[in-house]
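Everything on this sheet refers to the single structure shown next.
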There are 2 protein chains.
Amino acid sequence: MTRTTYHHGALRQALIDGAREILAEGGHEQFSLNEVARRAGVSTAAPYRHFSGKDELLAAVAEQGYATLHASLERASADTADVRERLLRLAGAYVRFAHDHPDLFVTMFRSWPGAAPVGHDSFEVLLQAVVDAQATALIPAKPSPELMARSIWATLHGLAVLSLRQPHQRFGMDEPPEDLATSTLSAMFGL
Amino acid sequence: MTRTTYHHGALRQALIDGAREILAEGGHEQFSLNEVARRAGVSTAAPYRHFSGKDELLAAVAEQGYATLHASLERASADTADVRERLLRLAGAYVRFAHDHPDLFVTMFRSWPGAAPVGHDSFEVLLQAVVDAQATALIPAKPSPELMARSIWATLHGLAVLSLRQPHQRFGMDEPPEDLATSTLSAMFGL
DNA sequence: AATGCTATGTTAGAGGCGTTCACATTGGAG
DNA sequence: CTCCAATGTGAACGCCTCTAACATAGCATT
């Protein structure tokens with residue numbers, strides 16, 4: 001990316017894009033602010049005009065990641081009337097997202113020094129599905145929807161994290177993400 | 001740790017201990033091989049006589065972490081005859097471990113470049129509890145014990161990971177680890 | 001006991017990264 | 001048109017990982 005003008009014009013977004021690109025290439029290890037700057041065709045000091053440092057850039061990347069995840073979940077649950085089907089699709093979409101964007105996923109959910117984005121709107125999507133599932137008696141109505149949704153979220157998240165590990169570290173999680181999610185929810189609720 | 005002899009004597013373990021110490025102090029961010037060497041009172045090149053690099057040291061730390069986790073789980077389930085109680089204690093111990101040793105926990109379960117230790121023996125402990133729980137009809141006998149145990153492990157792991165995040169990132173997971181585990185398993189199986 | 005091999009430690013340095021600071025350029029508001 | 005604030009550069013600091021050449025000492029064999 002060689003530039004003719006002194007000013008880049010849209011450096012901030014270019015940096016975020018470059019960062020996502022590196023993560024998408026699986027280069028979580030070799031990720032560096034210098035590398036991001038290089039890809040944007042800019043000096044290593046330039047990013048500091050837009051971000052206070054590496055962490056703030058990664059936070060911005062994570063934020064866009066949350067938006068992407070939310071969109072995936074919405075898409076998965078949008079045109080599915082059947083409650084059971086919708087819950088399973090939602091679950092599959094979550095694990096699928098982690099599987100398709102492993103380094104982005106790790107970046108989103110790593111522990112941050114300061115504040116960091118959340119997945120509130122994504123949680124809402126799951127929560128609504130749980131409310132409906134409880135109304136249909138597909139799953140127990142006993143614990144509150146919030147608690148139930150939280151439990152399911154935890155399950156899906158654990159599933160995603162564990163299935164991302166190296167082959168011999170997996171606990172036999174070699175199936176495609178959707179099957180993994182389905183069989184797990186089935187195990188817990190007998191769906 | 002100032003030394004009088006030229007040779008350290010037990011540097012390998014001292015490095016692992018130092019690394020665990022730093023992680024225990026919550027210094028996941030400021031963790032460095034140089035810092036570990038410094039604490040052992042040794043030059044920054046010395047660790048390379050015992051480990052091929054930073055990752056191999058962390059792998060060794062992770063390995064000991066798995067042993068510690070396994071011990072915790074054994075202790076939690078050993079003297080508990082009641083099946084339900086045992087399962088809940090086991091679950092609580094898992095989330096408790098993550099809560100008590102957050103950086104060690106993250107180190108254990110981060111994705112590694114090469115091979116890395118697993119938690120097979122820990123899984124066996126959970127598996128046995130699940131077998132017993134299914135035999136008592138405490139939980140459904142439907143999916144195989146392996147699949148059931150895997151699902152529960154995922155749930156606990158997700159719970160652990162998510163509850164470790166910053167306060168406002170938690171999904172209302174402010175209860176002590178044991179309560180978190182208990183209420184979640186209750187939600188799923190109506191225990 | 002003396003010798004020498006090898007494990008273990010040291011010093012020096014290359015190359016990379018995150019970050020800061022003084023300085024350069026330029027788009028746009030007045 | 002002028003000048004300011006925003007945006008980018010170059011150079012430098014300190015820290016990091018890792019390597020290479022060299023120093024010391026534990027130990028096995030004689």
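In the text below, chain A, chain B and the rest are named by the order of the sequence lines, each starting its count at 1. All values derive from a computational prediction rather than experimental measurement.
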Using atom [atom1] of [X] as one end and atom [atom2] of [N] as the other, report the distance to the nearest whole Å.
| X | N | atom1 | atom2 | value |
| --- | --- | --- | --- | --- |
| B:Asp55 | D:dC18 | CG | P | 7 Å |
| B:Glu29 | C:dG18 | CD | C1' | 13 Å |
| B:Leu58 | D:dC16 | CG | C1' | 14 Å |
| B:Leu15 | D:dC18 | CG | P | 14 Å |

Of the nucleotides [options], which one has an atom closest to the side chain of [X]?
| X | options | answer |
| --- | --- | --- |
| A:Ala46 | D:dG8, C:dC21, D:dC18 | D:dG8 |
| B:Arg49 | C:dA12, C:dG18, D:dC22 | D:dC22 |
| B:Lys54 | D:dT19, D:dG8, D:dT17 | D:dT17 |
| A:Ser32 | C:dC21, C:dC17, D:dT17 | C:dC17 |
| B:Ala45 | C:dG9, D:dG8, D:dA20 | D:dA20 |
| A:Asn34 | C:dG9, D:dC16, C:dC17 | C:dC17 |
| A:Leu33 | D:dG8, C:dG18, D:dC18 | C:dG18 |

B:Thr68 and B:Arg20, any side-chain heavy atoms less than 4.5 Å apart: yes
Ionic contact status for A:Asp82 with A:Arg89, cut-off 4.0 Å: no
Parallel, tilted or perpendicular, as decided by the 30° and 60° cut-offs, for the rings of A:Phe97 and A:Phe105: perpendicular
Aromatic plane relationship, B:Phe109 with B:Tyr66 - under 30° parallel, 30 to 60° tilted, over 60° perpendicular: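 B:Tyr66 vs B:Phe109 ring planes: perpendicular.
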Distance test, side-chain N/O of B:His50 to OP1/OP2 of C:dG9, below 4.0 Å: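 Yes.
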side-chain N/O B:Arg38 vs D:dC16 OP1/OP2, d < 4.0 Å: yes
Residues which pass side chain to side chain contact (heavy atoms under 4.5 Å, CB included) with B:Phe189, listed by chain and number, not counting sequence neighbours: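 Side chain to side chain contact (heavy atoms under 4.5 Å, CB included) check on B:Phe189 returns A:Met188, B:Ile139, B:Pro140, B:Met148, B:Ile152, B:Leu185, B:Leu191.
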Sugar-phosphate, base or nothing in reach of A:Thr44, heavy atoms under 4.0 Å: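 If one applies the 4.0 Å heavy-atom cut-off, A:Thr44 turns out to touch a base.
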Touch class at under 4.0 angstrom, heavy-atom based, for A:Ser43 against every strand present: base
First of B:Tyr48 and A:Leu11 reached from the 5' end of DNA chain D, by closest nucleotide: A:Leu11
Nearest-nucleotide comparison on DNA chain C, the residue closer to the 5′ end among A:Glu35 and A:Ser52: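 Counting from the 5' end, the first nearest nucleotide belongs to A:Glu35.
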